[in-house]
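Here's the structure we're looking at; comments come further down.
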Amino acid sequence: MSAQSKPVLPQNDNVAHALAGAGGGILSMALTYPLITLSTRAQVESKRPGSETAFLAAVQKIVAREGVSGLYSGLSSALFGISVTNFVYYYWYEWTRAFFEAAAEKSGRASKKLTTLESMIAGAIAGSATVILTNPIWVVNTRMTTRKAAAATTEDGDKKEGGGGGGDVEAQQQKAKSNKKPSTIGTLLALLRKEGPQALFSGVVPALVLVINPILQYTLFEQMKNAVEKKRRITPGVAFVLGALGKLFATSVTYPYITVKSQMHVEGGKKEGVTEALKRVVREEGYAGLYKGIGPKVSQSVITAACLFALKDVLYEYSVRLRGSMARKALA
């Protein structure tokens with residue numbers, strides 16, 4: 001067979017899905033990031049008078065204290081984090097799904113569609129790989145998201161104590177310097193210097209427990225998708241609704257662990273197990289403490305997941321076309 005008549009190489013489906021997932025995650029995260037800021041700050045706040053703030057009041061408080069940019073603290077690390085997270089997750093999920101589909105075809109099973117158990121296993125493998133590889137990114141992101149709030153609270157306290165007087169000029173200058181908006185690299189280096197590399201894996205245990213979140217989400221999504229496909233084609237609009245329903249259920253069930261994970265990311269080296277952390281929150285703040293910030297978090301998660309599922313298939317098609325075009329040029 002001549003070089004001209006040589007067939008185009010098949011697409012690497014895993015990579016195409018991974019690229020589509022990463023792109024969809026970046027767009028969805030950028031759209032909903034202020035909700036993440038509100039939720040994360042609510043999760044890591046200690047319970048004190050005035051800490052439970054209504055949604056609009058919380059937005060106004062952050063904007064008044066830090067400007068509109070305060071709603072986007074840590075956005076750069078979050079976009080990097082979600083791109084890596086989604087790339088790794090979708091690569092391994094699609095690889096595992098392809099394995100199960102090939103096994104089903106080989107065994108002569110009537111349908112190649114994943115069963116509920118196979119969907120859960122694929123989600124567990126993909127989720128575990130993602131957590132281990134990306135936990136350091138989310139530790140840095142949580143530190144950046146919450147740092148401004150802590151600095152502003154300290155500043156408010158100092159004003160009340162000193163009445164905003166002259167004070168020690170050198171100390172004030174040092175404080176202003178320390179309160180400068182941190183960069184992603186700066187936050188990472190400061191964390192390594194003060195707490196060591198192990199701090200990058202703070203909260204990894206609850207994060208591994210939270211692998212059940214995408215398992216629930218994608219299992220529910222796949223089963224609903226399989227049911228709908230029998231009656232109609234899956235359009236981006238249908239995928240949007242199915243993705244929203246899957247994420248709403250998964251986040252509502254696993255939210256206490258999300259709260260504990262965020263607190264561990266901030267506390268860093270503090271030695272406390274997941275069970276102890278859950279008990280501490282209940283003891284200090286009641287069961288409601290496990291659900292701090294659930295309103296903006298569920299809203300953000302549902303919108304993000306819905307947008308991701310709606311955008312992913314579109315981006316997947318573009319990814320396949322682009323890589324196909326590149327492959328044809330390479331074989332020309």
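The figures here come from the full heavy-atom set of this structure, side chains too, leaving out hydrogens, waters and symmetry mates.
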[X] side chain to [Y] backbone, donor-acceptor under 3.5 Å:
X	Y	answer
Thr304	Met29	no
Thr235	Val238	yes
Asn86	Gly21	yes
Thr134	Ile137	no
Ser107	Ala104	yes
Thr37	Leu71	yes
Ser83	Phe80	yes

Quick one, [X] and [Y] - any side-chain contact, counting heavy atoms below 4.5 Å?
X	Y	value
Glu284	Arg280	yes
Val314	Pro236	yes
Tyr255	Leu290	no
Leu133	Val84	no
Ile125	Tyr93	no
Pro256	Tyr291	yes
Cys307	Leu27	no
Leu200	Leu188	yes

Considering residues, nucleotides and ligands other than Arg283, do more than 12 of their heavy atoms fall under 6.0 Å from its CZ?
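More than 12 heavy atoms, drawn from other residues, nucleotides or ligands, come within 6.0 Å of this atom.
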Should the heavy atoms of other residues, nucleotides or ligands under 6.0 Å from CD of Glu105 be counted, would the total exceed 12?
no
Whether Trp95 and Trp92 hold their rings parallel, tilted or perpendicular, with breakpoints at 30° and 60°:
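Judged by the thresholds at 30° and 60°, the geometry between Trp95 and Trp92 is perpendicular.
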List the atom of [X], the atom of [Y], and the distance in Å for their closest heavy-atom pair.
X	Y	answer
Met224	Gly246	CE-N, 4.2 Å
Ala244	Val302	CB-CG1, 3.6 Å
Ser301	Lys247	O-CG, 3.2 Å
Leu311	Ser28	CD1-OG, 4.3 Å
Asn135	Phe201	ND2-CA, 3.3 Å
Leu216	Thr254	CD1-CG2, 4.5 Å

At what distance, to the nearest 0.5 angstrom, does [atom1] of [X] lie from [atom2] of [Y]?
X	Y	atom1	atom2	answer
Phe240	Ile234	CZ	CD1	15.0 Å
Lys312	Leu19	NZ	CG	10.5 Å
Thr259	Ile294	OG1	CD1	7.5 Å
Leu31	Leu308	CG	CG	11.5 Å
Tyr257	Leu208	OH	CG	12.0 Å

Using the side-chain contact (heavy atoms from CB on, under 4.5 Å) rule, take Asn226 and Lys230 through it: C-alpha gap first, then chi angles, then the decisive distance, then the call.
CA-CA 7 Å; Asn226 291 344; Lys230 294 176 183 177; 5.6 Å; no
If you apply the rule side-chain contact (heavy atoms from CB on, under 4.5 Å), what do you find for Val204 with Val131, and how did you get there?
CA-CA 7 Å; Val204 75; Val131 165; 3.9 Å; yes
Does [X] share a hydrophobic cluster with [Y], counting links as ILVMFWY side-chain heavy atoms below 4.5 Å and allowing steps through other members?
X	Y	value
Val205	Leu278	yes
Trp138	Leu75	yes
Val282	Val260	yes

Is the closest basic N to carboxylate O distance between Glu195 and Arg143 below 4.0 Å?
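Yes, this pair counts.
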Take Arg109 and Thr115 through the side-chain contact (heavy atoms from CB on, under 4.5 Å) test and state the conclusion after the steps.
CA-CA 11 Å; Arg109 197 169 76 190; Thr115 65; 3.9 Å; yes
Within 45 degrees of the ring normal and closer than 6.0 Å to the centroid, is that where the cationic atom of Arg321 sits relative to Tyr318?
yes
Under 6.0 Å between the ring centres of Tyr90 and Tyr316?
no
After noting the C-alpha distance and the side-chain angles of Glu118 and Arg97, does the key distance pass the side-chain contact (heavy atoms from CB on, under 4.5 Å) rule?
CA-CA 8 Å; Glu118 288 170 345; Arg97 184 166 78 167; over 6 Å; no
